Amino acid sequence: MFAVLSAALMVVDARLTVLHSVRSQLGLIVEPVYWLGRLPVTLWESATQELSSRNELAAENEKLKAEQLMMQRRLQKLAALTEQNVRLRELLNSSALVDDEVLATELIGIDPNPFTHRILIDKGEKDGVVLGQPVLDARGLMGQVVEVMPYTSRVLLLTDTTHSIPVQVNRNGLRAIATGTGNPERLELRHVADTADIKEGDLLVSSGLGQRFPAGYPVATVTEVVHDSGQPFAIVRAVPTANLNRTRYMLLVFTDPRSPEQRATESAEAQEEVDRQAKGHPDAEAPVEDAPPVEAPTPEVPPPAVPASGEEPRQ
C-alpha cells in the first residue's frame with residue numbers, strides 16, 4: 001500500500017503542480033531536522049576556526065609589535081640626523097650607527113629597592129648580551145646593562161643616582177652630562193655654564209662620547225632652566241623621553257666598538273686582499289719586481305730639463 005501510494009505521489013508531483021505548496025510546507029517542517037544533523041559539523045568547524053583565528057591573531061599581534069618597535073627605533077634618529085646634516089662631524093659620527101644590530105627583549109622584573117632604579121630583562125649571556133650594552137625603548141634610551149646572567153640581565157636606568165650619560169643639545173650641539181636624580185621623571189644636567197645656549201623644549205640626544213652609548217638617540221627633553229647670576233652654573237632639569245615606568249618591550253643595541261678609522265683601514269685591507277685573490281697569482285711579489293722597469297724611464301725625462309734650468313743661472 002505504501003509502495004503504491006509513493007508511486008502515485010511521485011506521478012502526481014511530476015505531472016501536476018498540486019503538491020508544490022505541500023512540498024514547501026514539508027520542507028519547513030523538515031528544516032530543523034537538517035539543522036540538527038549539521039549541528040555537530042558546524043560546531044566543530046566554528047571551534048576550529050575560532051582557535052586558529054585566535055592563534056593567528058596572537059602571532060600576528062606579536063609580529064606587529066616587534067615591527068612597530070623596530071620602526072619606532074629607526075624614527076628616533078630622524079630628528080638627530082636632520083640636525084647632523086648641518087654639522088659634518090656629527091654626520092660622520094652617526095653614519096656608522098644608522099644600522100646598529102638590535103635584539104628585542106622583554107621586562108620580567110623590577111628591583112624592589114626603592115633607592116635604585118634597576119630592571120630585569122629576559123635576555124642574557126646566552127643571547128650575546130654584554131656589560132655596558134645600551135638599552136632603549138620605542139621613544140629613547142633607557143639605560144645600560146650592569147649585570148649579565150646566563151638567561152637574564154639587569155639594566156641600570158638613566159634616572160638612577162649613580163648613572164650619568166654624555167649628551168648634547170640637538171639644536172646647537174652643546175655638550176653636557178645628564179645625571180640621574182632618583183626621580184623616574186627627572187634628569188639633571190651638571191656643570192652647564194650660566195651663559196650656555198640652552199632653553200626649555202630642547203631635545204637632548206646621546207653624544208657618543210665615552211664609547212658606551214651610540215650617538216644620536218633621544219635621551220631627554222629640557223623642561224626647566226634656572227639662571228642665577230650669583231652661581232657659575234645654571235640648573236637644568238629634563239624629562240626622559242623613554243617610558244621608564246611603563247615600557248615592557250625594549251631593544252638591546254649591539255654597537256661596533258671599532259672607530260671609523262679602524263673600520264676604514266680594515267675595509268681597505270680586505271679590499272686589497274680581494275683584489276689580490278681576484279688576480280689569481282700565487283706570487284704576489286711579481287708585480288713588485290716588475291714595478292722598477294716601469295718607473296725607470298721616468299727619471300730619464302727630467303735630465304734634459306735640469307740642464308735647461310741650469311743654463312739660466314749660468315747666463
Side-chain angles (χ1 to χ4, degrees), residues 73 76-98 100 102 117-118 130-137 139-146 155-225 232-242 244 250-262:
R73 172 248 172 191
Q76 288 178 26
K77 288 195 173 182
L78 290 181
L81 289 176
T82 301
E83 295 294 335
Q84 287 170 355
N85 286 334
V86 183
R87 301 185 293 270
L88 179 60
R89 179 178 177 81
E90 293 175 344
L91 176 62
L92 294 176
N93 289 339
S94 64
S95 62
L97 298 173
V98 174
D100 293 332
V102 295
H117 292 183
R118 299 190 182 193
V130 296
L131 286 176
Q133 191 167 1
V135 180
L136 64 151
D137 69 351
R139 299 183 59 184
L141 283 172
M142 293 188 63
Q144 60 178 305
V145 177
V146 293
V155 178
L156 183 67
L157 300 180
L158 299 177
T159 53
D160 191 90
T161 55
T162 61
H163 191 280
S164 296
I165 175 175
V167 297
Q168 65 182 15
V169 179
N170 192 51
R171 177 172 53 86
N172 54 19
L174 177 67
R175 293 187 295 272
I177 301 294
T179 305
T181 62
N183 185 339
E185 300 294 335
R186 179 181 298 176
L187 294 174
E188 286 189 359
L189 270 60
R190 302 293 175 85
H191 308 299
V192 177
D194 190 64
T195 57
D197 182 15
I198 186 171
K199 58 184 180 181
E200 295 182 11
D202 281 343
L203 176 64
L204 304 177
V205 298
S206 54
S207 64
L209 301 179
Q211 304 295 323
R212 178 58 58 89
F213 293 95
Y217 284 104
V219 176
T221 303
V222 177
T223 57
E224 184 180 5
V225 180
F233 302 112
I235 300 175
V236 182
R237 299 185 177 93
V239 175
T241 57
L244 302 181
M250 292 154 282
L251 292 175
L252 289 161
V253 182
F254 294 86
T255 57
D256 192 343
R258 299 173 299 171
S259 63
E261 294 78 8
Q262 292 174 339

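This structure is a prediction, so every number in the text was calculated from the model and none was measured.
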Check ion pair Arg190-Glu188 (N to O, under 4.0 angstrom): yes

Locate the shortest heavy-atom distance separating [X] from [Y]; write the atom from each residue and the value.
{"X": "Ala220", "Y": "Ala238", "value": "CB-CB, 3.7 Å"}
{"X": "Pro184", "Y": "His117", "value": "N-CE1, 3.8 Å"}
{"X": "Ala242", "Y": "Asp137", "value": "CB-OD1, 3.4 Å"}
{"X": "Ala176", "Y": "Val192", "value": "CB-CG2, 4.1 Å"}
{"X": "Ser206", "Y": "Ile165", "value": "CB-CD1, 4.5 Å"}

Report the distance from atom [atom1] of [X] to atom [atom2] of [Y], rounding to the nearest 0.5 Å.
{"X": "Thr221", "Y": "Glu200", "atom1": "OG1", "atom2": "CD", "result": "11.5 Å"}
{"X": "Leu189", "Y": "Arg175", "atom1": "CG", "atom2": "CZ", "result": "13.5 Å"}
{"X": "Leu244", "Y": "Arg139", "atom1": "CG", "atom2": "CZ", "result": "10.0 Å"}
{"X": "Glu224", "Y": "Ile235", "atom1": "CD", "atom2": "CD1", "result": "8.0 Å"}
{"X": "Leu252", "Y": "Gln144", "atom1": "CG", "atom2": "CD", "result": "12.0 Å"}
{"X": "Gln168", "Y": "Leu203", "atom1": "CD", "atom2": "CG", "result": "10.0 Å"}

[X] versus [Y]: any side-chain heavy-atom pair under 4.5 Å?
{"X": "Val145", "Y": "Val130", "result": "no"}
{"X": "Thr159", "Y": "Leu187", "result": "yes"}
{"X": "Ser207", "Y": "Val167", "result": "no"}

Distance-only, no hydrogens or angles: does the [X] side chain make a donor-acceptor pair with backbone N or O of [Y] under 3.5 Å?
{"X": "Thr161", "Y": "Gly182", "value": "no"}
{"X": "Gln133", "Y": "Val253", "value": "yes"}
{"X": "Asp197", "Y": "Asn172", "value": "no"}

Side chain to side chain contact (heavy atoms under 4.5 Å, CB included) assessment of Val155 paired with Met142: CA-CA 9 Å; Val155 178; Met142 293 188 63; 5.6 Å; no

Listed once per pair and sorted, the ring pair (Phe, Tyr, Trp, His ring centres under 6.0 Å) pairs that draw on residues 160-208, sequence neighbours left out: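 Those involving residues 160-208 are His163-Phe213, His191-Phe233.
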
Residue of the set Leu141, Val219, Asn170 for which side-chain contact (heavy atoms from CB on, under 4.5 Å) holds with Val205: Asn170

By side chain to side chain donor-acceptor pair (under 3.5 Å) - contacts of Thr179 (at least two apart): Ser164

Evaluation steps, side-chain hydrogen bond (donor to acceptor under 3.5 Å, both in side chains), between Asp160 and Thr162: CA-CA 5 Å; Asp160 191 90; Thr162 61; 2.5 Å; yes

